[in-house]
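Below is one structure, written out as structure tokens, with a few remarks after it.
Not measured: the values here are computed from a predicted model. Chain naming here is simple, since letters A, B, ... match the order of the sequence lines and numbering starts at 1 in each.
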Amino acid sequence: MNSPPLLVTCGLPYTNGPCHLGHLRTYVPADAYVRYMRRSGEEVVFVCGSDNHGTPIVVSAEEAGVSPRELSERYHRHFDETFKRMDVLFDRFGMTDDPTNHHRTKTMVSELIKNGFIYKQVVHQAYCTKCRRFLPDRYVEGICPHCGTQARGDECDQGCGKHLEPGEIRDPVCKVCQTKAEFRDQEHYFFKLSEFKEFLLPYLEKLRGTSNARNYAIGWINDELHDWCITRTLEWGVKFPGRDDLVVYVWVDAPIGYIAFTEEWAKEAGKDWKRCWCGENRVTHFIGGDIIYHHSIFWPALLKAAGYGVPHAIVASGMVKVDDHKFSKSRGYVVWTNDDYLDKGLPADYLRYYLLAYTSHTKELNFSWKVFSERINNEVVNIFGNFMYRTLFFAHKEWEGIPGGAVDPAIIAEIDTCLTTVDGYMREYEFKGAVDAIMTLAAFGNTYIQTNAPWKLIKTDRTAAAQVIKNCIQIAKALTLLIEPVMPAKAQECWKQLGCSDKVADHQIAEAAYPVRETKINAPFPLFSRMEEDQVKELDALLQKRVAGANKKVEKIPVVTFEEFQKLDIRTGKVLSAEPIPKSNKLLKLQVDIGSETRQIVAGIQQFYKPDELAGREIVVVTNLAPAKIFGVESNGMILAAGDFASLLVPLRPVDPGTKIR
RNA sequence: AGCGAGGUAGGGUAGUCAGGAUAUCCCGACGGGCUCAUAACCCGUAGAUCGAUGGUUCAAAUCCAUCCCUCGCUACCA
């Protein structure tokens with residue numbers, strides 16, 4: 001009784017986009033685990049909340065023309081509603097921007113400072129003068145200093161793949177507004193993460209949960225542990241104590257949200273949150289595989305440094321694929337929980353089943369409408385649903401309910417075996433194994449009723465037939481109790497069909513082996529309807545259409561041969577003069593020296609360059625472009641410039657006009 | 001590049017940590033049965049040199065080594 005409650009959390013959904021299948025891969029198994037553990041007699045607290053801070057939300061809010069708080073509240077409501085529709089039921093679903101979390105975060109950061117784990121250091125950071133904010137790496141673009149290709153701020157993703165240090169990138173540009181970014185020095189606060197290596201190693205060895213979380217983290221630690229910059233120059237977020245110009249990095253206040261949400265739950269429920277978080281605890285984090293290091297390295301170190309208990313288990317799920325492609329919103333390989341699934345009238349329970357039964361929790365899960373419908377039809381409808389229905393139908397037809405008499409001990413033994421198997425898998429976070437064991441029991445039921453054929457037996461021995469059906473009902477009851485964590489809504493309907501008027505969720509799993517009593521039941525009806533082929537095709541067509549649409553957007557760039565490239569005559573040139581073309585607000589008429597001759601070229605760059613600014617400039621020209629008349633002025637070539645703001649291409653070192661570019 | 005995960009019949013997937021005799025389950029193919037049931041259910045047959053090579057062992061999908069292929073992750077994105 002004195003042991004702390006089992007506190008289960010889920011990785012916090014970020015409030016700048018709607019809920020999709022990738023989210024559910026964490027939330028559904030967590031919910032199933034919570035339901036199972038509760039019904040195994042554990043005291044369980046299940047909390048989550050939305051993650052509201054960080055630059056991406058500020059940018060998204062600006063684009064939407066609302067405040068970050070308002071944007072967060074919109075998506076917060078969205079996630080809250082979606083989770084409820086999916087029967088993922090938290091005891092508390094809070095917001096990291098709510099006062100409880102601001103308070104808890106400030107308190108913890110103060111504790112870190114007091115305990116001597118924070119120090120100041122000047123950081124070199126990209127700043128956009130137009131957006132007037134410091135730019136996280138994902139919002140900086142520029143030229144890779146190693147290979148010269150276009151690169152992101154933190155990594156040369158298109159070219160050599162090298163990691164870039166802040167300030168290393170050349171010609172940085174703000175990704176949001178394309179304005180040239182500059183680097184500014186700024187004082188920031190660091191957490192002495194490197195001091196926690198000795199603590200973390202033995203901690204991780206003993207950490208419960210899935211092996212991927214453990215292995216990944218240990219691998220990281222064995223490498224090198226840097227100190228961690230925990231502040232950002234941003235308006236939106238939790239203010240760093242004593243510094244109104246800085247907020248703490250969202251990866252600090254987001255996990256602290258777990259504590260804040262527990263506090264909020266405890267206040268409401270009249271419980272003590274400290275039992276969950278201080279000293280020995282049973283905190284179990286369900287997270288996606290992409291945020292393992294935050295939860296198994298940064299987070300335990302923060303907790304330890306601030307004097308709190310550290311997590312007991314970390315359960316990390318594998319990735320989700322769609323049609324065997326990497327999950328990608330931009331490429332169209334995405335399944336939106338509401339638009340693509342629930343709003344189509346499909347039952348939450350089918351998706352829950354698929355997510356839990358597809359494969360091991362740590363492995364990659366592929367979603368396709370074809371496989372989805374096949375598995376639902378074959379396993380849920382045919383094996384499970386049909387066994388329930390044929391059993392209840394026959395019982396009702398012949399006895400108007402569950403007949404009397406004892407249940408065969410061999411049947412109880414079969415159920416007991418199943419219970420043991422399921423329990424083992426659930427406690428190892430192997431949900432597929434648990435579902436498989438349940439389905440094996442359903443298959444056993446089918447084999448049992450088939451080989452004993454009560455419909456034949458009843459013609460010669462009514463008592464023997466009653467015994468068979470009684471045994472089948474016992475299996476049906478066990479199945480109902482066992483499947484509740486997986487398919488709560490369907491299980492409740494099964495429970496009702498079995499003649500029970502209360503909530504199946506209020507009954508312990510162990511009751512599966514308690515003998516069913518004689519009782520009347522209503523005429524059953526099929527609870528699990530098939531996915532029809534037409535419907536599946538329709539759903540799949542929608543997905544294919546989205547993928548095709550996305551492909552069009554990213555549109556494949558055709559490959560040119562070297563010969564084709566050579567057809568272009570690209571040379572350096574020198575602008576001799578430039579003048580605006582009357583009645584045009586975009587065009588400039590240029591006279592360009594290309595070595596062999598002087599060319600007249602019309603270019604649409606008037607908004608970006610003053611004529612006298614261009615005179616004398618060395619530029620790059622396509623000289624063999626077919627001549628054209630623009631605004632009545634003849635143009636014999638094309639000036640090369642990059643981007644919407646026409647950044648002119650210029651030779652880095654001086655060359656003679658007319659030098660061929662190859 | 002480093003780290004991690006994976007490569008098992010036509011497709012998907014279990015078993016690998018704690019090595020054992022006919023390698024699991026689902027779909028698909030073929031043949032049979034049943035008719036209580038949502039053309040659902042049951043039984044049977046065919047189909048896998050368990051990525052490759054070498055090693056340890058009485059015994060290897062499983063342990064060790066090397067290699068090949070696929071995918072994911074890599075702190076100053078969330």
Which residues pass the salt bridge (Lys or Arg N to Asp or Glu O under 4.0 Å) test with [X], sequence neighbours left out?
X	result
A/R390	none
A/K496	none
A/E73	A/R69

Do any of residues 365-372 of chain A sit with a heavy atom less than 4.0 Å from RNA chain B, and if so which?
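Of all residues in residues 365-372 of chain A, none places a heavy atom under 4.0 Å from RNA chain B.
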If the condition is ring pair (Phe, Tyr, Trp, His ring centres under 6.0 Å), which residues does [X] pass it with, not counting sequence neighbours?
X	result
A/F191	A/F196
A/Y354	A/Y358, A/F367, A/F372
A/F286	A/Y33

Considering residues at least two apart in sequence or located in another chain, which fulfil the side-chain hydrogen bond (donor to acceptor under 3.5 Å, both in side chains) criterion with A/R427?
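For A/R427, the residues satisfying side-chain hydrogen bond (donor to acceptor under 3.5 Å, both in side chains) (neighbours in sequence not counted) are A/D423.
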Would you say [N] has OP1 or OP2 under 4.0 Å from some side-chain N or O of [X]?
X	N	answer
A/T359	B/G12	no
A/K363	B/A14	yes
A/S360	B/A14	yes

For nucleotides 26-39 of chain B, 5' to 3', base contacts (B), sugar-phosphate-only contacts (S) and non-contacts (-) with protein non-hydrogen atoms under 4.0 Å give SS-----BSSBBB-
Give me each pair satisfying side-chain hydrogen bond (donor to acceptor under 3.5 Å, both in side chains) with a member in residues 456-466 of chain A, each pair once, sequence neighbours excluded.
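Found A/E398-A/R462.
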State plainly whether the residues A/R133 and A/E62 are in salt-bridge range, i.e. N to O under 4.0 Å.
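A salt bridge is present here (some side-chain N lies under 4.0 Å from a carboxylate O).
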How would you label the contact of A/H53 with the nucleic acid (heavy atoms, under 4.0 Å): base, sugar-phosphate, or nothing?
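The residue A/H53 makes sugar-phosphate contact but no base contact.
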Base, sugar-phosphate, or nothing: which does A/Y293 touch, judged by heavy atoms less than 4.0 Å apart?
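The residue A/Y293 makes base contact.
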Among all residues two or more places apart in sequence or in another chain, which pass the side chain to side chain contact (heavy atoms under 4.5 Å, CB included) test with A/E195?
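For A/E195 the side chain to side chain contact (heavy atoms under 4.5 Å, CB included) partners, ignoring immediate neighbours, are A/F117, A/K192.
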Dot-bracket for RNA chain B, please, read 5' to 3', with Watson-Crick or G-U wobble pairs under 3.5 Å on both distances, ( ) within the strand, [ ] crossing, | other strand, . unpaired.
((((((((.[[[..)....(....]]].(((((.......))))).....[[[[[..)....]]]]])))))))....
